[in-house]
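Read through the structure below, which is laid out as structure tokens, and then see the notes.
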Amino acid sequence: MQNQIQDILKQAIEKINKCNTEAELLETEKSFLGKKGSLNEILKGVKDLPKEDRAEIGKLANQVKQDINTHIQNQKQNIQDKALDAILEQWHDVTLPGIKPQKGAVHPLSLIQEKVEEIFQKMGFMILDGPEVESDYFNFDALNFKKDHPARDMHDTYFVGEPQNKDGDKLLLRTHTSPVQVRGMLQHKVPIKAIIPGRCFRYEDQDATHEHTLFQIEGLYIDKNISIANLKGIFQEFLTKLFEKKIEIQMRPGYFPFTEPSVEFDFSCPFCKDGCRVCKYTKFIELAGAGMVHPNVLKSAKVDPNEYQGFAFGFGLDRLAMLYHNIQNIKHFRENDIRFLKQF
Ligand code: PHE
């Protein structure tokens with residue numbers, strides 16, 4: 001039995017030295033010293049030995065137990081030291097500068113939209129929103145576009161195939177923000193004083209100033225005695241605040257089915273006195289379409305045109321942003337090139 005016990009010690013030492021992790025070590029400890037471990041298995045036979053031998057075997061067994069334990073503790077220390085060495089090997093120079101994370105930027109269209117919104121809000125306008133996928137009814141019919149009116153062709157429209165809306169009306173990507181004039185009046189009733197910034201879509205040839213996706217800002221002011229003089233005054237005030245410079249407005253006759261009379265708005269060039277490339281040497285820059293809201297549009301919005309009237313205007317935000325920041329090509333707005341976006 002003494003030999004067996006000595007053998008166990010030998011086997012144990014061999015196994016312990018091969019352990020690479022603390023978990024393996026624990027397993028090995030259990031297999032030799034645990035309740036069902038090999039040492040205990042042998043010691044079960046002690047009771048059959050002569051009395052005088054028992055004490056000696058007991059002593060030996062205790063000694064072996066201690067030896068195994070000592071080896072386990074040593075190996076444990078080895079494993080821990082090795083782990084620490086591995087960590088220390090990946091030495092870091094904490095004085096090296098870090099890697100700067102890429103920072104985004106606010107899009108120039110968002111920046112100018114916020115500016116426009118703030119100016120109009122200070123003049124008492126609320127900000128409204130409407131659907132980008134719109135019904136044929138709100139985009140055209142409600143705005144006094146008769147079914148076969150050629151003005152529909154001026155809005156090169158993306159139609160959405162199926163489904164139609166619940167009234168069986170064709171769906172399309174709105175070509176302007178004007179449908180929200182009617183939606184706004186139906187929802188908020190009159191008097192109303194609102195601007196509607198939003199994305200619109202046109203099936204258009206693309207060039208440096210035209211894109212299939214464009215942003216507009218619509219304005220609507222309906223009350224009991226609003227005239228075109230209010231339109232001129234408010235628009236002039238808005239542009240003066242935006243460009244931080246006294247701006248003059250010029251109106252030319254225009255045509256839109258949903259305004260009567262209709263005008264085209266130009267504003268005095270904020271960049272020159274005597275003509276420059278931006279204003280094409282005319283001293284004025286074209287910006288917006290506008291007019292007094294047509295009685296038929298008021299009727300679509302369940303408003304009595306004999307009691308209420310007012311104006312609406314609409315302009316391209318992309319165009320305004322290009323003028324404001326001197327951007328030459330509308331494509332930059334959608335390219336998401338961080339070098340472009342960071343300039344503003
Ligand atoms: N909706 C017109 C357009 O997209 C602009 C406009 C708005 C004209 C409001 C008059 C009044 O061209």
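Along the sequence shown, the residues carry numbers beginning at 1. Indexing begins at 1, ligand by ligand and atom by atom, following the structure's order.
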Only one of Lys170, Lys147, Lys299 clears salt bridge (Lys or Arg N to Asp or Glu O under 4.0 Å) with Asp141; which? Lys147
Check: Phe120 ring centre within less than 6.0 Å of Phe313 ring centre: yes
Holding to side chain to side chain donor-acceptor pair (under 3.5 Å), I want the full list of residues that pass it with Asp207, two or more places apart in sequence or in another chain. Thr209, His210
Applying side-chain hydrogen bond (donor to acceptor under 3.5 Å, both in side chains), which residue pairs with at least one partner in residues 12-22 are found, sequence neighbours left out? Glu22-Gln80
Could you work out, with side chain to side chain donor-acceptor pair (under 3.5 Å) as the rule, every residue matching Glu29, not counting sequence neighbours? none
For ligand 1, find each of its N or O atoms that sits under 3.5 Å from a protein N or O atom, and tabulate the pairs with distances to one decimal place.
residue  : atom  : partner : partner atom : Å
ligand 1 : 1 (N) : His176  : ND1          : 3.0
ligand 1 : 1 (N) : Ser178  : OG           : 2.9
ligand 1 : 4 (O) : Arg202  : NH2          : 2.9
ligand 1 : 4 (O) : Gln216  : NE2          : 2.9

Does a side-chain N-to-carboxylate-O contact under 4.0 Å join Lys331 and Glu335? no
